[in-house]
Amino acid sequence: MNEFDIIKNYFTVASHRTDVVMGPGDDCALLQMPPNTLLAVSTDTLVSGVHFFADMAPEALGHKALAVNLSDLAAMGADPCWVSLALTLPDVDQDWIQQFCAGFFELAEYYNVALIGGDMTKGPLSITVTVQGTLPEGKGLKRSGAEVGDGIYVTGTLGDAALGLQQALGNIVVPEAHKEFVHHKFEHPHPRILVGQALRDIASSALDLSDGLLGDLAHITRASGMRAKIELEQIPLSDAMQASVSQEQAWELALTGGDDYELCFTVPELYRGQLETALAHCGVKFTRIGRMLKGDPEVAITLENAPYQLQNQSWDHFRQS
Ligand SMILES: [Mg+2]
């Protein structure tokens, strides 16, 4: 089976979008942009053995490759529209491709995202996804808009994906009742698209949590030129997390673990009521975890109002000999 047959058999999926003037098959895709619209674009590459286990189920990989990109659109408050996919595959394994596509297109269809093109090459397994979305002119949740006094919020619970990774590595034993939840959070992140859209006129800054709260929130402090204070006792932790590790380990996973793809955002006090209303419609849990303060760009952690130092910022102490 050659590249053209693979594309014809697996990657040609009818889309309902009327703004795709020319999809895959010509030299370029042609897209009709609505008037007074900004284009939001983001790219991510996932490399086998670096970003995912080589034996990861292809269906989950197809989902995750698209999900982590859509998460960036969510963090900007954009409406997802189009995606292109560059796949490097060691060989043509039709079963693998079919399952990868099942995961990829299920999520694409959910958000009405059309595949508009891509590329396929032979080599070590690697996936590059570029997503495009739209925003009304003048909108967009940048990292630089936070103001002193704004509340800091996160969606969902934090650290579950990192717990899933440690479970997969055999470093943490998660109780049977929570195993599947944790594995799912690690392999099937759900991009917070609806939350991002709802925050467009409410949040002063936002980003998605890909590398861990501490590191990611530091981007907002630098871009906005101020300090962030987070209260450990407010950090939302799942039942699975609390059943699996000590309180301190839970905080550490929540603050430094990556791959959660929840949103972190700041909101002026004035819009607090509006925020409650807007996010109630999304059905997504969100938690206020701290406040933006005047001062040097850094993230300060407190526990019951006293400064708190994370015990260990590496995973070594989770490793069992
Ligand atoms: Mg991001």
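A quick note: this is a predicted structure, and the numbers were derived from the prediction, not measured. For the numbers below, each heavy atom of this structure counts, side chains included, while hydrogens, waters and symmetry mates do not. Residue numbers count from 1 along this sequence.
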Testing the basics here: between Ala228 and Met292, what is the closest heavy-atom pair and its distance to 0.1 Å? CB-SD, 3.9 Å

Same cluster (ILVMFWY, side-chain, under 4.5 Å), Leu73 and Leu39: no

Counting N and O atoms only, with roles assigned by atom type, does the side chain of Asp216 sit under 3.5 Å from a partner on the main chain of Gly212, one being a donor and the other an acceptor? yes

Any donor-acceptor pair under 3.5 Å linking the side chain of Ser244 with the backbone of Ala240? yes

Worked check of side-chain contact (heavy atoms from CB on, under 4.5 Å) between Phe265 and Ile152: CA-CA 6 Å; Phe265 53 96; Ile152 304 168; over 6 Å; no

Closest non-hydrogen atom pair, Leu237 against Ala254: CD2-CB, 3.7 Å

Answer whether the closest heavy-atom distance between the side chains of Leu263 and Tyr153 falls below 4.5 Å. no

Compute whether any side-chain donor of one residue and acceptor of the other, for Ser238 and Thr157, lie under 3.5 angstrom apart. no

Taking atom CD of Gln274 as the centre, does the number of heavy atoms from other residues, nucleotides or ligands within less than 6.0 Å exceed 12? yes

Passes salt bridge (Lys or Arg N to Asp or Glu O under 4.0 Å), Asp260 versus Lys185? Steps please. CA-CA 8 Å; Asp260 276 328; Lys185 291 287 259 187; over 6 Å; no

Go through it in stages, so that I can follow the logic: the residues are Thr88 and Thr121, the test is side-chain hydrogen bond (donor to acceptor under 3.5 Å, both in side chains), and I'd like the CA-CA distance, side-chain angles, deciding distance and then a yes or no. CA-CA 5 Å; Thr88 305; Thr121 45; 3.0 Å; yes

Heavy-atom donor-acceptor pair, His51 side chain to Val47 backbone, under 3.5 Å: yes

Out of curiosity, does Ile193 fall in the hydrophobic cluster containing Leu141 (side-chain heavy atoms, cut-off under 4.5 Å, transitive links)? no

Exam field: side chain Ser224 to backbone Arg143, donor-acceptor pair closer than 3.5 Å: yes

Considering residues, nucleotides and ligands other than His183, do more than 12 of their heavy atoms fall under 6.0 Å from its NE2? no

Tell me the closest heavy-atom pair linking Pro80 and Gln197, and the distance in Å. CD-NE2, 4.0 Å

Test item: Arg227 and Val299 side chains (from C-beta on) under 4.5 Å apart, heavy atoms: no

Are Asp160 and Met241 close enough that some pair of their side-chain heavy atoms sits under 4.5 Å apart? yes

Distance in Å, Leu70 CG paired with Asp208 CG, rounded so as to fall on 0.5 Å steps: 10.5 Å

Can you tell me how the ring of Phe186 sits relative to the ring of Phe53, calling it parallel under 30°, perpendicular over 60° and tilted otherwise? perpendicular

CA sep, side-chain torsions, deciding dist, call: Phe104, Val129, side-chain contact (heavy atoms from CB on, under 4.5 Å): CA-CA 11 Å; Phe104 185 90; Val129 174; 4.3 Å; yes

CD of Gln242: more than 12 outside heavy atoms within 6.0 angstrom? yes

Under 3.5 Å side-chain donor-acceptor pair for Thr155 and Glu262: yes

Nearest 0.5 angstrom please: Ile235 CD1 to Trp251 CH2, how far? 9.5 Å

Given side-chain hydrogen bond (donor to acceptor under 3.5 Å, both in side chains), test Thr45 with Thr128 step by step and report yes or no. CA-CA 4 Å; Thr45 295; Thr128 297; 2.8 Å; yes

For Pro34, is there any backbone N or O sitting under 3.5 Å from a side-chain donor or acceptor partner on Thr37? yes

Donor-acceptor under 3.5 Å (Gln99 side chain, Trp96 main chain): no

Does a sphere of radius 6.0 Å around CG in Asn305 hold more than 12 heavy atoms from other residues, nucleotides or ligands, not counting ones at 6.0 Å or beyond? no

Would Ile6 and Gln94 count as a side-chain contact (heavy atoms from CB on, under 4.5 Å) if you check the C-alpha gap in whole Å, the side-chain angles of each, and the deciding distance to 0.1 Å? CA-CA 8 Å; Ile6 295 170; Gln94 290 195 51; over 6 Å; no

Asp19 and Trp82: side-chain donor and acceptor closer than 3.5 Å? yes

Check whether more than 12 heavy atoms from other residues, nucleotides or ligands sit under 6.0 Å from atom CD of Glu298, and answer yes or no. yes

Any heavy-atom pair between the side chains of Val173 and Gln167 that's under 4.5 Å? no

For Asp26, is the CG atom crowded, meaning more than 12 foreign heavy atoms sit under 6.0 Å from it? yes

Ring center gap for Tyr261 and His188 short of 6.0 angstrom: no

Does the side chain of Val41 reach to within under 4.5 Å of the side chain of Val131, using non-hydrogen atoms? no

Is Arg288 paired with Glu233 through a side-chain N to carboxylate O contact shorter than 4.0 Å? no

Correct closest heavy-atom pair for Leu279 and Leu199 would be CD2-CD2, 4.3 Å

Check against ring-ring contact (aromatic ring centres under 6.0 Å, His included), His63 and Tyr110: CA-CA 11 Å; His63 172 98; Tyr110 186 85; 9.6 Å; no

Closest non-hydrogen atom pair between Ser15 and Ala114, with its separation: OG-CB, 3.4 Å

Using a strict cut-off of less than 4.0 Å between a Lys/Arg side-chain nitrogen and an Asp/Glu carboxylate oxygen, indicate whether Asp201 and Lys139 qualify as a salt bridge. yes

Are the side chain of Thr12 and the backbone N or O of Ile7 linked by a donor-acceptor pair below 3.5 Å? yes

Can you tell me which residue among Ser71, Pro189, Cys264 is in a side chain to side chain contact (heavy atoms under 4.5 Å, CB included) with Leu209? Cys264

Intermediate values then yes/no, side-chain contact (heavy atoms from CB on, under 4.5 Å), Thr302 and Ile230: CA-CA 6 Å; Thr302 64; Ile230 56 176; over 6 Å; no

Tell me if a side-chain donor or acceptor on Asn69 pairs with a main-chain N or O of Ala65 at a distance below 3.5 Å. yes

Heavy atoms, side chains only, cut-off 4.5 Å: are Thr130 and Ser42 in contact? no

Any heavy-atom pair between the side chains of Phe286 and Leu275 that's under 4.5 Å? yes

Do other residues, nucleotides or ligands put more than 12 heavy atoms under 6.0 Å from Tyr271 OH? no

Which distance, rounded to the nearest 0.5 Å, do you find between the CG of Leu255 and the CG of Leu253? 10.0 Å

How long is the straight-line distance from CG of Leu89 back to CE of Met120, given to the nearest 0.5 Å? 6.0 Å

Tell me if the NZ atom of Lys179 is crowded by more than 12 foreign heavy atoms within 6.0 Å. yes

Taking the side chain as everything from C-beta on, heavy atoms only, tell me whether Leu207 gets closer than 4.5 Å to Ile220. yes

Backbone of Pro90 reached by a side-chain donor or acceptor of Lys122 within 3.5 Å: yes

The complete set of ring pair (Phe, Tyr, Trp, His ring centres under 6.0 Å) pairs with one or both residues in residues 192-244, sequence neighbours excluded, reads none

Mind listing the closest non-hydrogen atom pair of Val182 and Gly164 along with its distance? CG1-CA, 3.1 Å

Rounded at 0.5 Å granularity, tell me how far CD1 in Ile97 sits from CG in Asn9. 9.5 Å

